[in-house]
Amino acid sequence: MDCIFCKIVKGDIPCHKIGENDDFLCFLDINPISKGHALIVPKRHFKDVMEFPKELDEGYFAFAQDMAAKIVQAVAADGFNLGMNNGEAAGQVVMHQHTHIIPRFDGDGLAAWPPQEVSQDELLALKEKILKA
Ligand code: AMP
């Protein structure tokens with residue numbers, strides 16, 4: 001399989017590694033959105049979060065918390081986004097599951113997603129649909 005993150009995990013292509021354990025790797029993003037932008041990847045290949053085994057959830061989240069704390073301290077961030085794109089429609093470009101840690105700074109001006117208007121009827125219909133799914 002021609003997967004760039006698998007190659008990084010194997011050491012076939014270089015990365016700026018900032019953390020690692022048996023299951024996960026954390027390295028700096030090559031095109032950072034902000035100073036300290038990093039990625040967390042599972043060492044095994046999973047396409048996205050839907051393929052990710054639930055038994056690894058706790059370790060993954062704990063690793064993300066630890067890495068976010070270190071990054072925030074190192075770059076003196078005021079906050080951070082923890083984000084995951086799943087599927088092309090959501091902006092996923094690398095098809096090996098990963099989570100972005102994006103440090104944020106007061107007044108950094110990074111755009112937020114625009115909220116949409118929605119009626120109570122629409123919310124109710126949507127809720128029923130999701131509850132039945
Ligand atoms: P996504 O849109 O969620 O799939 O994001 C993929 C991310 O991987 C982007 O932020 C890229 O900048 C980053 N990326 C791609 N190749 C590399 C690489 N070789 N080293 C570090 N980050 C990379």
Side-chain angles (χ1 to χ4, degrees):
M1 197 189 327
D2 194 29
C3 170
I4 191 161
F5 288 174
C6 284
K7 286 179 184 163
I8 286 177
V9 167
K10 278 200 267 170
D12 291 345
I13 57 174
C15 73
H16 292 287
K17 181 166 70 178
I18 54 172
E20 181 177 28
N21 65 21
D22 286 349
D23 296 316
F24 311 116
L25 179 68
C26 184
F27 53 91
L28 294 176
D29 196 293
I30 207 167
N31 288 125
I33 290 170
S34 68
K35 188 176 173 184
H37 180 179
L39 301 172
I40 293 177
V41 305
K43 290 186 175 178
R44 282 162 62 196
H45 183 92
F46 305 106
K47 179 172 60 98
D48 58 25
V49 74
M50 304 311 278
E51 281 193 356
F52 189 71
K54 288 186 176 157
E55 59 268 23
L56 291 181
D57 279 351
E58 198 179 325
Y60 192 63
F61 197 65
F63 185 66
Q65 283 178 304
D66 290 346
M67 290 313 309
K70 286 180 180 219
I71 293 167
V72 162
Q73 189 188 333
V75 301
D78 300 304
F80 64 95
N81 295 109
L82 205 55
M84 195 185 266
N85 300 326
N86 291 279
E88 279 179 41
Q92 185 177 8
V93 173
V94 178
M95 295 299 159
H96 177 130
Q97 187 203 332
H98 54 278
T99 299
H100 296 258
I101 299 173
I102 303 170
R104 298 297 302 271
F105 303 88
D106 289 340
D108 62 20
L110 290 175
W113 291 329
Q116 297 176 19
E117 301 252 330
V118 66
S119 70
Q120 285 301 319
D121 283 349
E122 282 173 291
L123 287 177
L124 195 60
L126 189 57
K127 181 181 81 173
E128 294 304 327
K129 219 172 172 176
I130 294 168
L131 286 173
K132 280 190 198 133

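Since the model is a prediction, treat every value here as computed from it, not as a measurement. Both counts, for ligands and for their atoms, begin at 1 and track the order of listing.
Counting protein heavy atoms only, atom 4 (O) of ligand 1 is closest to Val93 N, 2.6 Å. Closest to atom 23 (C) of ligand 1, if we only count protein heavy atoms, is Ile30 CG2, 3.5 Å. In terms of protein heavy-atom proximity, atom 1 (P) of ligand 1 is closest to His98 NE2, 3.1 Å.
The shortest N/O to N/O separation between Gly91 and ligand 1 falls below 3.5 Å. Among the atoms of Val94, some N or O lies under 3.5 angstrom from an N or O of ligand 1. Looking at ligand 1, you'll find an N or O of Asn85 within less than 3.5 Å of one of its N or O atoms.
His100 counts as a contact of ligand 1, since one of its heavy atoms falls under 4.0 Å from the ligand. For Ile8, the heavy-atom gap to ligand 1 drops under 4.0 angstrom. Ligand 1 is never approached by Ile33 to a heavy-atom distance shorter than 4.0 Å.
Aromatic ring pairs are classed by plane angle as parallel below 30°, tilted from 30° to 60° and perpendicular above 60°; the pair Phe27 and Phe5 is perpendicular.
Both Phe80 and Ile40 sit in one connected hydrophobic cluster of ILVMFWY residues. Membership requires side-chain heavy atoms under 4.5 Å apart, directly or through other members. Hydrophobic cluster membership is shared by Ile101 and Tyr60, with clusters built from Ile, Leu, Val, Met, Phe, Trp and Tyr side chains linked at under 4.5 angstrom.
Of all the heavy atoms of Leu28, the ones lying under 4.0 Å from any atom of ligand 1 belong exclusively to the backbone. At a 4.0 Å heavy-atom cut-off, ligand 1 touches Asp29 through backbone and side chain alike.
Side chains of Val41 and Gln97 form no contact here, defined as non-hydrogen atoms less than 4.5 Å apart. Phe105 has its side chain out of reach of Leu110: every pair of non-hydrogen atoms, C-beta onward, lies at least 4.5 Å apart.
Nearest heavy atoms, Ile18 versus Met67: O-CE, 3.3 Å. For the residue pair Pro42 and Val9, the shortest heavy atom distance occurs at O-CG2, 4.3 Å.
Not less than 6.0 angstrom separates the ring centroid of His96 from the ring centroid of His98.
Within the listing of ligand 1, atoms 12 (O) sit less than 4.0 angstrom from a heavy atom of Asn31. Heavy-atom contacts of Phe5 reach the following atoms of ligand 1: 8 (O) (cutoff under 4.0 Å).
A salt bridge links Lys7 with Asp2; the closest basic N to acidic carboxylate O contact falls under 4.0 Å.
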